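Below: the structure, in structure tokens.
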Amino acid sequence: MPVKIISFGPVKDIMGDQQFEVKDVADTDQLIQVLHHQYPALAQTPYIIAVDKDIISGNTLLNGDQVVALLPPYSGG
Amino acid sequence: MPVKIISFGPVKDIMGDQQFEVKDVADTDQLIQVLHHQYPALAQTPYIIAVDKDIISGNTLLNGDQVVALLPPYSGG
Amino acid sequence: MKNIFKQGAISAAFIAESIEKHKSKMNIGGHSIFLGQVRADKINDKEVMAIEYSAYEDMALEKMHLIREGIFEKYELTCLHVYHSLGQVKAGEISLFVFASSVHRKAAIDACEEIVERIKSELPVWGKEIFDNQSYQWKENSK
Amino acid sequence: MKNIFKQGAISAAFIAESIEKHKSKMNIGGHSIFLGQVRADKINDKEVMAIEYSAYEDMALEKMHLIREGIFEKYELTCLHVYHSLGQVKAGEISLFVFASSVHRKAAIDACEEIVERIKSELPVWGKEIFDNQSYQWKENSK
């Protein structure tokens, strides 16, 4: 099952505006590896990860159909 | 030299709306005695005293031409 | 000396105008505003309909000037405005408007809070709570 | 879930309207308002002309809902309103409007301050500082 990837702020500058899907990743660590390979600049930018709007604090299983968001440091207000 | 007396809030309710002058008082303690004699209800109401807009903390000499204000607890805002 | 007193309630339109004026101050990052609103408190079955404010104006303005100076020394403010009603202000209407602005939010927020406390405890102003049956009592500020 | 986002700047007229609406809530004694204004910061000789805000809206609204619940549990508020801009807000314009009201002033003041801090640190919102030469940089919130 594919997971949907969305990104914001400076991370979106790196990954581009389009939403896209990644197939065949078992967990977030594996997903990050795939993304860093595709977008080397990601390694230089700080971000945290939310799976279905919940911020994760460690490697998290992806059983598909989830939305994974890459969130750089917030700067609202 | 006479001193001018002004009052506010609940103290004004007791002393009435008019400003008035008191003659022949040497200091604030003496003035208070005169006022309490004239307005016995004053003894039951809390207030502090300002001489020429400065709050006094003890008996203060009155050399005339001053404005003595009787200030009940503030309740602005 | 700046006059802080306004006859009657402080209108939302006046507050909006004050906010609007700060558009041109482009170094401001945060505004902290406090508004005091007259409550229709029920006291012994009578309801407060309005508060009538009076003040020892000369002394209050001098005192406010000193408070301003102290606040500007303590906090890095861009500007500071204070307005207090005199005369009748109906329940639901605004009688105090404190408006502090600064480059970074913390100064404005802390200054605004301190000014409100100092206004309540240091300005010779009195509020007379007028009940719906026309009787009244003198307001007492809670700490 | 309440939407807090507004396209573009928050106008003084909108703020006035919000204040005006609270006239009928006669148990309110104090309002504490925070307004975030876009600064024309100078960074390496370029001046910030505007900030363009974007957000992970769904997540931000869920988070804001939780913040609201936490604040209402902690403070005795009468009401609480929060508005945050999305899209471009020019320097001098307002991008954040927090409005807390309570019977006694302390709750409104403390709640307003806490909400502002939590909005800045917990809401997935990003500000892009757009310079007068059309280049940009991503804003970083100071603590």
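FYI, side chains are in, hydrogens and waters are out, and symmetry mates aren't considered; it's all heavy atoms of this structure. Chain naming here is simple, since letters A, B, ... match the order of the sequence lines and numbering starts at 1 in each. Fair warning: this is a prediction, and the values are worked out from it, not measured in the lab.
Counting heavy-atom pairs closer than 4.5 Å to chain B, the top-ranked of the candidates C:G127, C:G36, C:P124, C:S54 is C:P124. In terms of heavy-atom pairs under 4.5 angstrom with chain B, the leader among C:K63, C:Q137, C:E62 is C:E62.
Of all the heavy atoms in C:S95 and B:G77, the pair that sits closest is OG-O, 3.8 Å.
The local environment of CD in B:Q38 is crowded, with over 12 non-hydrogen atoms from other residues, nucleotides or ligands closer than 6.0 Å. Heavy atoms of other residues, nucleotides or ligands lying less than 6.0 angstrom from NZ of B:K23 number 12 at most. The environment of CD in C:E76 is sparse: at most 12 heavy-atom neighbours from other residues, nucleotides or ligands sit within 6.0 Å. Environment of NZ in C:K128: crowded, with over 12 heavy atoms of neighbouring residues, nucleotides or ligands closer than 6.0 Å. For C:N133, the CG atom counts as densely surrounded, since its 6.0 Å shell holds more than 12 non-hydrogen atoms of other residues, nucleotides or ligands.
Formation of a donor-acceptor pair under 3.5 Å by the C:H84 side chain with backbone atoms of B:G76 is not found in this model.
When side chains are defined from C-beta on, B:L71 counts as touching C:W126, because their heavy atoms get closer than 4.5 Å.
Within the 4.5 angstrom heavy-atom criterion, no atom of C:A60 approaches chain B. Interface residue C:Y53: only side-chain heavy atoms are found under 4.5 Å from chain B. Contact of C:E122 with chain B is made through the backbone alone, with heavy-atom distances under 4.5 Å. For C:Y136, the part sitting under 4.5 Å from any heavy atom of chain B is the side chain, from C-beta outward, and nothing else. For B:P73, the part sitting under 4.5 Å from any heavy atom of chain C is the backbone (N, CA, C, O) and nothing else.
Taken from CD in C:E140 to OH in B:Y74, the straight-line distance is 15.0 Å, to the nearest 0.5 Å. Atoms OG and NZ, from B:S75 and C:K120 in turn, are 9.5 Å apart once rounded to the nearest 0.5 Å. If you take CH2 on C:W138 and CG on B:D13, they are separated by 5.5 Å, rounding to the nearest 0.5 Å.
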I'd like to know whether C:Y56 forms a side-chain contact (heavy atoms from CB on, under 4.5 Å) with B:I6, so could you lay out the CA-CA distance, the side-chain angles of the two residues, the decisive distance to 0.1 Å, and finally the verdict.
CA-CA 9 Å; C:Y56 187 179; B:I6 55 175; 3.5 Å; yes
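Within residues 45-69 of chain B, the residues approaching chain C closer than 4.5 Å by heavy atoms are, in numerical order, B:A50, B:K53, B:I55, B:V67, B:A69.
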